[in-house]
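Heads up: the structure comes next, in structure tokens.
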Protein chains: 2
Amino acid sequence: MHPLHQLIHSFSPINEKSWQQLFEHCEELTIAKGKNFIREGEKEKYIGFIMEGTMRQYYSRDNGEEITTYFYFENNLVSSYISCINNTPSQITIEALEKTKLLIFNYSVINELYNKEKVWERFGRKIAEYLAAGLEERMVSLLMDKPEDRYKKLLNSTNKQKILARIPQHYIANYLGITPISLSRIRNRLSKNK
Amino acid sequence: MHPLHQLIHSFSPINEKSWQQLFEHCEELTIAKGKNFIREGEKEKYIGFIMEGTMRQYYSRDNGEEITTYFYFENNLVSSYISCINNTPSQITIEALEKTKLLIFNYSVINELYNKEKVWERFGRKIAEYLAAGLEERMVSLLMDKPEDRYKKLLNSTNKQKILARIPQHYIANYLGITPISLSRIRNRLSKNK
DNA sequence: TAAATTCGTTAACAAAAGATAATAAATTGA
DNA sequence: TCAATTTATTATCTTTTGTTAACGAATTTA
């Protein structure tokens, strides 16, 4: 089974024939390190599936400052999801942190599949529910936990160990809602308490 | 059209017959001020639709402290959504801030409707997408905006004016991710700059 | 390889936020 | 109605965070 088919299947059972309806619209795309997959302001809507590589998602302030809000790795779906569902220009930019191989398809393809088959509609529901649950958890952590606790959670999350291994620290600081300097101090504090 | 039917219809077109499949499982429930609709740890999953009243949603810390994360008003759906979709005990409590009249139905009912009809499955997708978009916006605001800016946004959001009118300030402070004292200082600062 | 850039840490100071306590105003309930 | 509780503000002190700048280490690239 293709890794993307497998991922989709884990949300909603999609048989080989239905899968082909998506797969025949997929293309491969390789993004060089530092280049963007999705750019702020863009209207063309693509969904990507990471075969290999790492990406970061960020919002930009008026002064050009970039605020990193998410990281993507192998087997992750990557897109400006909000701009797809609301049909608005993307507010985010998604950049390759290393050379990244993607399988991509246009959002309109998946949108048509939603109309065609109930199992695809279910996939759409499940993926949105999964996203909402993740966002809620993140939001609650921002409201309830101190920065130091958020960093500790990141350290303990086996799933996110790769974040620490592959991602420059100042991006992680953004992700935690603090400055790189503050993260450096937290790390210093933690290393002394051992 | 029943106000709940109308709300559902705005996400996915549901005809009268399909609507009745939900409506026949609905019950009315009135919650007195200060009483809970959903309690932390609870497994029974109900969805409520507010006919009249105001509710607040909160998480509890180990020390008993309550962190308010959401407010609900007339025509809002209210539930421990995450615990419904993940089938886990509720982490949140939802309390009536004033006497609140609800129309309620069990989550299992809507879950069965997802299986029965594609239009219901679509409703499920649309509502999850709507939720995800709202949560992302909130999360980004927590990462990018200063507390003062978040409060200003709240002031400018016509939709949320009723929050200010009906909700005690220390709950709003929680919602903004700051202490009541800090919110009081922000208000003081803003009133002087006029 | 050498020069340039990026990255992480540290220091010093300023600004903001949290904690605690006191007080006044508003609301609630017996 | 009046005492009790809740709510909002203010003051003081402490802690944390942000800001700016400096420095060395690591990485990139010409």
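A, B, ... follow the sequence lines: proteins, then strands. Residue 1 opens every chain.
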Q: Please determine, by modelled atom types, if Ser141(B) and Arg150(B) share a side-chain donor-acceptor pair under 3.5 angstrom.
A: no
Q. In terms of the nearest nucleotide of DNA chain C, which residue is placed more toward the 5' end: Gly177(B) or Lys33(B)?
A. Gly177(B)
Q.
Is there a side-chain contact between His170(B) and the phosphate of dT6(D), meaning an N or O under 4.0 Å from OP1 or OP2?
A. no
Q: On DNA chain D, check which nucleotide each of Pro180(B) and Ile178(A) is closest to and give me the residue with the more 5' one.
A: Pro180(B)
Q: Provide, to the nearest angstrom, the distance between the CD1 atom belonging to Ile186(B) and the C1' atom belonging to dA15(C).
A: 13 Å
Q: Report the distance from atom NZ of Lys99(B) to atom C1' of dT28(C), rounded to the nearest whole Å.
A: 18 Å
Q. Among side-chain atoms of Asn106(A) and Ser108(A), is any donor-acceptor pair under 3.5 angstrom?
A. yes
Q: Rounded off to whole Å, could you give me the CG-to-P distance for the Leu142(B) and dA17(C) pair?
A: 14 Å
Q) What do you reckon, is CD of Gln21(B) surrounded by more than 12 foreign heavy atoms closer than 6.0 Å? A) yes
(Q) When the axes are fitted on five pairs at both termini, how much does the helix from dT1(C)-dA30(D) to dA30(C)-dT1(D) curve, in 10° steps? (A) 50°
Q. Quick one: is Arg185(B) getting a side-chain N or O under 4.0 Å of the dA16(C) phosphate, OP1 or OP2?
A. no
Q: Could you tell me the separation between the CD1 atom of Ile167(B) and the C1' atom of dA8(D), rounded to a whole number of Å?
A: 16 Å
Q: Might you confirm whether atom CG of Asn63(A) has over 12 heavy atoms from other residues, nucleotides or ligands at distances under 6.0 Å?
A: yes
Q) Of the nucleotides dT10(D), dT17(D), dA17(C), which one has an atom closest to the side chain of Ile181(B)? A) dT10(D)
Q. How about Glu42(A): does its CD atom have over 12 heavy atoms from other parts shown lying under 6.0 Å from it?
A. yes
Q | Centroid-centroid under 6.0 Å between Phe11(B) and Tyr130(B) rings | A | yes
Q: Verify the ring-centre separation between Tyr175(B) and Phe71(B): is it less than 6.0 angstrom?
A: yes
Q: Look at Lys146(B) and dG18(D) and indicate whether a side-chain polar atom (N or O) is within less than 4.0 Å of OP1 or OP2.
A: no
**Q.** For atom CG of Leu143(A) and atom C1' of dA17(C), their distance in whole Å
**A.** 15 Å
(Q) Check this one for me: any side-chain N or O of Ser184(B) less than 4.0 Å away from OP1 or OP2 of dA8(D)? (A) no
Q: Report yes if at least one side-chain N or O of Gln169(A) is closer than 4.0 Å to OP1 or OP2 of dT6(C); otherwise report no.
A: no
Q: Starting from C1' on dA17(C), measure out to OH on Tyr151(B) and report it in whole angstrom.
A: 17 Å
Q) When you check the phosphate oxygens OP1 and OP2 of dG18(C), does a side-chain N or O of Thr179(B) lie under 4.0 Å from one of them? A) yes
Q. When you check the phosphate oxygens OP1 and OP2 of dT10(C), does a side-chain N or O of Asn188(A) lie under 4.0 Å from one of them?
A. yes
